[in-house]
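Throughout, numbering of the chain's residues begins at 1 and tracks the sequence. We use all heavy atoms of the structure for the numbers below, so side chains are in, but hydrogens, waters and symmetry mates are not.
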Amino acid sequence: MNEQNDKVFDLYRPLRNKLRNYNLIESLFLVWSYSRNYTFNYSIPPEVELPNGFSPSMDMNNRRLYGVNEFELEFLTREFILHCHTRKDKKSILKKAHFGKIVNYLRSDLDNGLHELFDRGKILLDSHRWSHRQFKWQIGYDRSDILRYHKIFSDPKVDALITKMTGLSVNEILLVGFYTFSISANVFRNKYPITSNSTAVSQVMFDKFFSLFSMTIEEAQKSIKETYRMDETILYSFNPLTAKPILIYKNTFICPLHLLLFWQITNGLYYFICNEPEFNSVFGDSFEKYIGEVLTDVVNNPSFNIYKEQIYGKQVKKSSDWIITDSSSIIFIECKSKRMTLASKSELEVENGLNNDLEKMATFIVQVYKTYLDYKSNKYPEITFNSNLLFIPIIVTLETWFINYNLILPQMVRSLVQKKLEDLNIDVEIIIKHPYQILSCEEFELDIQIINKIGGRKFAELHQNKQIKTFKDGFQYEEIFKGHFDSTFIKPLEKLKDSI
């Protein structure tokens, strides 16, 4: 280890030594107890002594403040697997005094010590990786997430890729996954293997599912050691439990952090297929189709027109993926399924990943302006240029990049965009006259409802006048694809539960 790594280890060692005093299964039970409370609002078992000021029914922010944050639980679960023992011991981590000392050391000594070592002058970059670590837990899980990923992954070409790489279809993964998700919320240690006589889900499907998403305690220890980083990313680096959230112990299985399983059977399916040669084209097409479905479901204002991607020119050029117009605006929507790399989310040195990802984002943005200029030159076969329409460029990403949650990242992207525009001899005033927006898919699904109600120009004016947040706070959103969730998930899941 180098000198900086030695300093990290000096901060980390006392935590490691504390954890060696506690039983592993009891420690995982503690994590599971908080997880089921945070995720499902279930009670915390009486064996767990609650911290002073903590109530299982209080506001979530207060639960995190007086108890423990979910991202802290994720880190500690990894550490428990590495360092806790399996012998019986009188010293119990379920006692609030013992667990409190661990959480306090993690927050006050390790986390703050790392800030002192690495974050001087980099506080804004640190807030970016902090966003990726914390905000996902605050979002939790909801019906819209499940529907979104089901629709994207169940596209026939994408589903075929998933079946090829996993041996299970998307519907089979989700059905077994949500069954496991549900029963593990109620029982800490469930019988393994699960035996099934159900016609809906065979024994083979259960066995295949667990081969994909589970590992033994010993396998988990080995994987953690192989991927461990004793450096600035120690609290942010890859955790093997995100890939295989179910732990096998003797003749039982444990899912200590329920949201890790939820994420892996929804957006995590991406990683089973992302290295396949045909992935980029089929996955990108599926995401584009999904945004089209959202537009079709939401946009019912008669003044709007929806156009698919325009093919034009002798060189066979393509417009943005979707274009919508009303009486006063024209909105170009570019759909991008590209995700930020782990380096961008975890490292403070921008050269290691963040610059490359922001460079790609700038390319996406410039692409929209280039296609708009072609529209302005009347090169589109179906849409004639109208100078009275306000141009609104929107980049929609499948995964949240959290660029808009940071002070420095928007400036970095803007500088890259300006440079690319200058290289193409495009007047950079275009981004002032027609500012771009970077929206996650989740944000877009909400914003398009506002656009449908008030029109594109009014929507842009609310942004320009910094009134959009107040407007959103009072807006009544509706569920997209009503009825699809119950028919696709709830009814099949109920049948499966009844048959096992």
Notebook entry, point to check: Out of I395, D321, T363, which one pairs with K336 under the side chain to side chain contact (heavy atoms under 4.5 Å, CB included) rule?
Noted result: I395
Item checked: L161 and E278: CA distance, side-chain angles, deciding distance, side chain to side chain contact (heavy atoms under 4.5 Å, CB included) verdict -> CA-CA 9 Å; L161 265 184; E278 63 269 48; 3.4 Å; yes
Salt-bridge test for [X] and [Y]: reply yes if a basic N is under 4.0 Å from a carboxylate O, no otherwise.
X: K136; Y: E399; result: no
X: K419; Y: D423; result: yes
X: R107; Y: E72; result: yes
X: D155; Y: K289; result: yes

Closest approach of [X] to [Y] (non-hydrogen atoms, all atoms of both residues):
X: L398; Y: S337; value: CB-CA, 4.1 Å
X: L174; Y: I265; value: CD2-O, 3.1 Å
X: F481; Y: D297; value: N-OD2, 3.2 Å
X: P256; Y: P245; value: CD-O, 3.7 Å
X: S214; Y: K244; value: O-CD, 3.3 Å
X: P240; Y: T227; value: CG-OG1, 3.5 Å

Check: So, N37 side chain and Y42 main chain: donor-acceptor pair closer than 3.5 Å or not?
Finding: yes
Checklist line | Test item: S184 side-chain N/O and F181 main-chain N/O as donor-acceptor pair under 3.5 Å | finding: yes
Strictly by modelled atom types, are [X] and [Y] linked by a side-chain donor-acceptor pair under 3.5 Å?
X: T470; Y: D473; result: no
X: N300; Y: N452; result: yes
X: S320; Y: E334; result: yes
X: S344; Y: D357; result: yes
X: N171; Y: S169; result: no

Close side-chain approach of [X] and [Y], heavy atoms under 4.5 Å:
X: I183; Y: F253; value: yes
X: I306; Y: W322; value: yes
X: I273; Y: V158; value: yes
X: S237; Y: R78; value: yes
X: M60; Y: R63; value: yes
X: I394; Y: I392; value: yes
X: I323; Y: I331; value: no
X: L269; Y: Y149; value: no

Next item on the list: Starting from the C-alpha separation in whole Å, work towards a yes-or-no answer on side chain to side chain contact (heavy atoms under 4.5 Å, CB included) for D285 and K157.
Entry: CA-CA 10 Å; D285 287 347; K157 291 183 179 179; 5.8 Å; no
Quick one: pull up [atom1] in [X] and [atom2] in [Y] and give me the separation to the nearest 0.5 Å.
X: L241; Y: L260; atom1: CG; atom2: CG; result: 6.5 Å
X: N404; Y: L409; atom1: CG; atom2: CG; result: 9.5 Å
X: N69; Y: Q138; atom1: CG; atom2: CD; result: 8.0 Å
X: T341; Y: E347; atom1: OG1; atom2: CD; result: 8.0 Å
X: T397; Y: F402; atom1: OG1; atom2: CZ; result: 9.5 Å
X: L168; Y: F206; atom1: CG; atom2: CZ; result: 11.0 Å

Next item on the list: Please confirm whether K338 makes a cation-pi placement over F364, using NZ or CZ under 6.0 Å from the six-membered ring centre and within 45° of the ring normal.
Entry: no
Notebook entry, point to check: Can R133 be said to sit on top of Y236's aromatic six-ring, NZ or CZ under 6.0 Å from centre and within 45° of the ring axis?
Noted result: yes
Are [X] and [Y] near enough that their ring centres are under 6.0 Å apart?
X: H434; Y: Y369; result: no
X: F213; Y: F209; result: yes
X: Y375; Y: F391; result: no
X: F283; Y: Y270; result: yes

Checklist line | NZ/K370: more than 12 non-hydrogen atoms of other groups inside 6.0 Å | finding: no
Next item on the list: Check whether more than 12 heavy atoms from other residues, nucleotides or ligands sit under 6.0 Å from atom OH of Y66, and answer yes or no.
Entry: no
Item checked: Pairs where residues 454-464 contributes a residue and the test salt bridge (Lys or Arg N to Asp or Glu O under 4.0 Å) is met, not counting sequence neighbours -> none
Notebook entry, point to check: After noting the C-alpha distance and the side-chain angles of N62 and F54, does the key distance pass the side chain to side chain contact (heavy atoms under 4.5 Å, CB included) rule?
Noted result: CA-CA 8 Å; N62 284 326; F54 178 92; over 6 Å; no
Next item on the list: Anything under 30° is parallel, anything over 60° is perpendicular, the rest tilted; go ahead and classify W32 against H258.
Entry: tilted
Checklist line | Trace of the side chain to side chain contact (heavy atoms under 4.5 Å, CB included) decision for I173 with T166 | finding: CA-CA 9 Å; I173 289 172; T166 67; 3.9 Å; yes
Note to self: Test side chain to side chain donor-acceptor pair (under 3.5 Å) on S329 and D326; report intermediate values, then the result.
What the structure shows: CA-CA 6 Å; S329 66; D326 64 7; 2.7 Å; yes
Notebook entry, point to check: Looking at Y34, Y38, W263, which hits ring-ring contact (aromatic ring centres under 6.0 Å, His included) with W137?
Noted result: W263
Check: Given the rule in the side chain to side chain donor-acceptor pair (under 3.5 Å) test, do S328 and N388 qualify, once you have shown the distances and angles that lead to the verdict?
Finding: CA-CA 7 Å; S328 62; N388 294 320; over 6 Å; no
List, one per line, each side-chain donor-acceptor pair under 3.5 Å for residues 436-451, sequence neighbours excluded.
from, atom 1, to, atom 2, distance (Å)
Q437, OE1, H463, NE2, 3.3
S440, OG, E443, N, 3.1
S440, OG, E443, OE1, 3.3
E443, OE1, S440, N, 2.7
E443, OE2, Y405, OH, 3.4
E445, OE1, R148, NH2, 3.0
E445, OE2, R148, NE, 2.8
E445, OE2, Y290, OH, 2.7
D447, OD1, K472, NZ, 3.0
Q449, OE1, E478, N, 2.9
Q449, NE2, E445, O, 3.2
Q449, NE2, E478, O, 3.2

Check: Passes ring-ring contact (aromatic ring centres under 6.0 Å, His included), Y380 versus Y307? Steps please.
Finding: CA-CA 11 Å; Y380 287 8; Y307 299 91; 9.4 Å; no
